[in-house]
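Read the structure below first, then the notes.
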Amino acid sequence: MAIETPAPYPALSKSGQIAASLKVAEHPRSNRTSEEWSPSSWTTKPIKQDVTYNDRGAVQKALAKLERLPPIVTPTEICKLKRSLRDVALGKAFLLQGGDCAELFDYCESDAIKSKIKLLLQMSLVLIWGANKPVVRIARMAGQFAKPRSSPTEMYNGREIPSFRGDNINGYDPEERTPDPERLVAAYFHSATTMNHIRAELSSGIADLHSPLDWELGHVRDDKIKAKYERIVSSITDSLRFMQTVGANSASSSLETVDLYTSHEGLLLEYEQSLTRRLRKPETARRRKSVTPQSQGLANGHAEAESPSSNGWFNTSAHFLWIGDRTRQLDGAHVEYFRGLENPIGIKVGPSMDPEELIRLLDIVNPEHEIGKVTLITRYGSSKISSLLAAHIQAVQQSPHDQTVIWQCDPMHGNTRSTPTGLKTRHFVDILSEVSDALRIHREQGSFLGGVHLELTGEAVTECVGGSEGLEESDLEKRYTTFCDPRLNEKQALELAFLVAEHYKNQ
């Protein structure tokens, strides 16, 4: 019997070859520039937080594989999220975004995924009760593996080794720190598997509000606070019971499932490029872009616009991606890549962001002033927000981007500190303080906070200090499991939702 010759491995695209060539240390970056965007035009720009590999052939093989794999998310889902984020930008909805600081491949298991889905659902119900508006849910899941680092190396047992950059780059074990391009493909399959399980759980009723939710509040030590939370829970459950009793759910499935979108920082551009596809836009997205006509009463009167093409460039690795505070250079590779995407995007805004720079950045990534296209994720720290946020709000208000952006508070990254023993932690009081100040400052400036962005887990970890369960620094080592930054546990995250909801309820 004749043995068939196996088909040759599929060739890497030309743009993929360009990206692969830049991933080895000895290859110089091209100085050519072009105004025309493509998924690989970022390769002509200077790049921060880059990763280099030892084996160019292995990089080419990994990227060729990624180029052939199917999308993880679809244009229909992405455009549905854009419509929802448009409502957030117009003040008609609230954005809740949360999940792990950095996912590990080991987190791709049923219980870990379900616990985060349930926590985001409970938090969103509390926020709906308080803000009296729909909540858009975006998880930092199914792709949030890579993390920017302040230093590319660290000292271990007297020798310098590469820093842990995330499971899609290298391993946490000191002997696995050499960047491995095969991890890019592994990241795809772990992301796709997580996304598949999210869809399966949602379709199987994990978010069905006919089912009782666990609102256990035994951890709350203060009797007055506990009584207040119990009144909120009672109000929520009474409302759900009333809707079921009168049959409000009979004509709609809104009580049986929810939309849950995925997100991650778009850090590894060779990976993102490989999953960027030119695909047909859904019909509604082709008919009208998410800009608002004058008839809707916006002060700057954004006009109705026809989409010039029935196709667009979609990043199919996630519904929503953001540019980190370390990679938002105006002339940099990440801004160049992000400016061509159909996806909604986020931009981290920290203390080093000049107000004028912020407007120039918005001009680049959102030249058509599409409403809800860009989420500004502010992360100053509780001690700095009062001196910085107002200037950024005023700069946007005085620009053509007024009433187009979503303002989202990230109260985590600016409030990280180290204990005397070297553990990184965050204090719940600082996190709450930054959110409270953001709400106040937006109100004073005639603006509004559109959402929160949190690092959290559905598990009972002990990584952040404080909250109603009274965690102290001496408790941190009990269940300190993060490989990167400290996360709110499920009780702390739910408590933060209670406090934000109470703010809205008292307005």
Side-chain angles (χ1 to χ4, degrees), residues 94-99 101 119-120 122-131 135 140 215 217 219-233 349-351 377-390 407-417 419 424-444 447-458 460-473 475-476 482 485-507:
F94 190 84
L95 173 58
L96 171 63
Q97 190 168 3
C101 169
L119 177 57
L120 289 171
Q122 282 187 291
M123 293 177 70
S124 66
L125 285 176
V126 173
L127 292 168
I128 290 170
W129 172 87
V135 170
R140 291 172 57 114
W215 294 99
L217 297 171
H219 65 281
V220 182
R221 297 182 179 183
D222 187 296
D223 290 338
K224 291 183 179 179
I225 295 176
K226 184 175 182 179
K228 180 173 62 178
Y229 292 168
E230 287 174 341
R231 286 195 297 271
I232 295 174
V233 170
V349 179
I377 311 166
T378 60
R379 34 94 72 221
Y380 306 107
S382 61
S383 64
K384 297 179 180 179
I385 183 172
S386 293
S387 62
L388 295 170
L389 176 56
W407 290 99
Q408 187 185 41
C409 177
D410 168 4
M412 309 298 293
H413 284 89
N415 291 306
T416 306
R417 62 178 71 180
T419 68
K424 288 199 293 185
T425 190
R426 290 159 174 159
H427 287 233
F428 186 86
V429 65
D430 293 334
I431 294 168
L432 176 60
S433 174
E434 184 159 358
V435 176
S436 299
D437 283 345
L439 289 162
R440 173 183 57 81
I441 294 167
H442 276 287
R443 186 172 62 251
E444 292 172 351
S447 177
F448 60 88
L449 183 66
V452 290
H453 187 120
L454 306 170
E455 290 186 341
L456 54 81
T457 177
V461 299
T462 55
E463 297 169 1
C464 292
V465 175
S468 55
E469 60 181 326
L471 287 181
E472 300 178 354
E473 289 189 358
D475 297 315
L476 293 179
T482 182
D485 289 339
R487 304 159 293 176
L488 295 170
N489 63 32
E490 84 285 13
K491 293 180 174 63
Q492 292 167 327
L494 191 57
E495 180 176 3
L496 187 64
F498 279 133
L499 295 169
V500 173
E502 187 178 36
H503 165 87
Y504 281 105
K505 206 68 173 177
N506 290 336
Q507 281 189 323

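We number each residue from 1, following the sequence as shown.
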Value rounded to 0.5 Å, distance of CE in M123 from CG in L96:
5.0 Å

Is there a side-chain contact between L499 and F428, using heavy atoms and a 4.5 Å cut-off?
yes

When rounded to the nearest 0.5 angstrom, what is the spacing between CG in N489 and CG in L471?
6.0 Å

What verdict does the side chain to side chain contact (heavy atoms under 4.5 Å, CB included) test give for E434 and M412, after you've listed the backbone C-alpha separation in whole Å, the side-chain angles of each residue and the deciding distance to 0.1 Å?
CA-CA 9 Å; E434 184 159 358; M412 309 298 293; over 6 Å; no

Within this structure, what is the CD1-CG distance for the pair I431 and L488, rounded to the nearest 0.5 Å?
4.5 Å

What's the spacing between L456 CG and L120 CG if we round to 0.5 Å?
6.0 Å

Hey, are the side chains of I128 and F94 touching, using non-hydrogen atoms and a 4.5 Å cut-off?
no

Close side-chain approach of R440 to H503, heavy-atom, < 4.5 Å
no

For a 4.5 angstrom cut-off between non-hydrogen side-chain atoms, does P411 reach D430?
no

Would you check if there is a donor-acceptor pair between the side chains of S468 and E495 at a distance under 3.5 Å?
yes

Spell out, as yes or no, whether a donor-acceptor pair under 3.5 Å connects the side chain of K491 to the backbone of A460.
no

Identify the residue among R487, R426, K424 that makes a salt bridge (charged side-chain N to carboxylate O under 4.0 Å, His left out) with E455.
R426

Can you confirm whether H427 sits close enough to N415 that some side-chain heavy atom of one is under 4.5 Å from a side-chain heavy atom of the other?
no

Identified side chain to side chain contact (heavy atoms under 4.5 Å, CB included) partner of Q408 from the options L449, L95, V349:
L95

Would you give the length of the straight line joining atom CZ of F498 to atom CZ of R231, rounded to the nearest 0.5 angstrom?
11.5 Å

If you measure from CD on E463 to OG1 on T482, what distance do you get to the nearest 0.5 Å?
5.0 Å

If you apply the rule side chain to side chain contact (heavy atoms under 4.5 Å, CB included), what do you find for T378 with I385, and how did you get there?
CA-CA 9 Å; T378 60; I385 183 172; 5.5 Å; no

No-hydrogen, no-angle side-chain donor-acceptor test under 3.5 Å, R379 and H453:
no

Taking only residues two or more places apart in sequence or in another chain, which ones pass side-chain contact (heavy atoms from CB on, under 4.5 Å) with S433?
S382, D437

